[in-house]
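Notes follow once the structure below has been shown.
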Amino acid sequence: MRSPQFIFLSTPATNVRDDVLSILVWSVGTLPMQYLGLPVFYGKLKEDWCQPLLDKVDKHHAKWKASILSCAGRICLLKHVLQRVVNYWMTVFALPRKIINKLNSSVAAFLWAVGESSKGQHHIAWGTSCTLILKEALA
């Protein structure tokens, strides 16, 4: 069985819309929608459309359980897995500042987590650690 096919129309005249729909036998789709894991929309990216990204990051954090990983292991996972997820979104969209701040705080909480708790002591300022990593990458 074929998957449902949708057509997205901007505001054509009603008679044109009806003619097109009678020929194609497709359903009319509405925006926003998901395609390849990203929201498809018209206009400016809204924060609530970024919730799947935040959920995916949180899902990875829950799977990894910071209690069984060393700090080096957590850094490796952050650099090689979570960075890819976020970069995939950022190649398409300029993420809102609030979403970037939420991602940064989530990553920092995971990195410095102690045991089952997501709270831990930050041994170095998050901005400083990002700057150090960036300097290493550019060297």
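For reference, positions follow the sequence shown, starting with 1. Every value quoted in this text rests on a predicted model; they were computed, and no experiment measured them.
- With V57 as the partner, the side chain to side chain contact (heavy atoms under 4.5 Å, CB included) test is satisfied by one option alone out of V81, L82, L78: L82.
- Applying the side-chain contact (heavy atoms from CB on, under 4.5 Å) rule to R97 yields the partners I100, N101; only residues at least two apart in sequence or on another chain are considered.
- Partner of C76 under the side chain to side chain contact (heavy atoms under 4.5 Å, CB included) criterion, chosen from K79, R74, H80: H80.
- To the nearest 0.5 Å, atoms CG (L54) and OG (S106) are separated by 7.5 Å.
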Check the pair Q51, D48 against side chain to side chain contact (heavy atoms under 4.5 Å, CB included), reporting the backbone distance first and the verdict last. CA-CA 5 Å; Q51 192 59 46; D48 57 333; 5.6 Å; no
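- Expressed to the nearest 0.5 Å, how far CD of E47 lies from CG of L95 amounts to 10.5 Å.
- Nearest approach of L45 to A94, heavy atoms of both residues: CD2-O, 4.1 Å.
- The distance from atom CG of D58 to atom NZ of K102, rounded to the nearest 0.5 Å, is 10.5 Å.
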Pairs under 3.5 angstrom only: tabulate donor-acceptor contacts from the side chains of residues 85-93 to other protein residues two or more places apart or in another chain.
residue	atom	partner	partner atom	Å
N87	ND2	Q83	O	3.3
Y88	OH	L36	O	2.7
T91	OG1	Y88	O	2.7

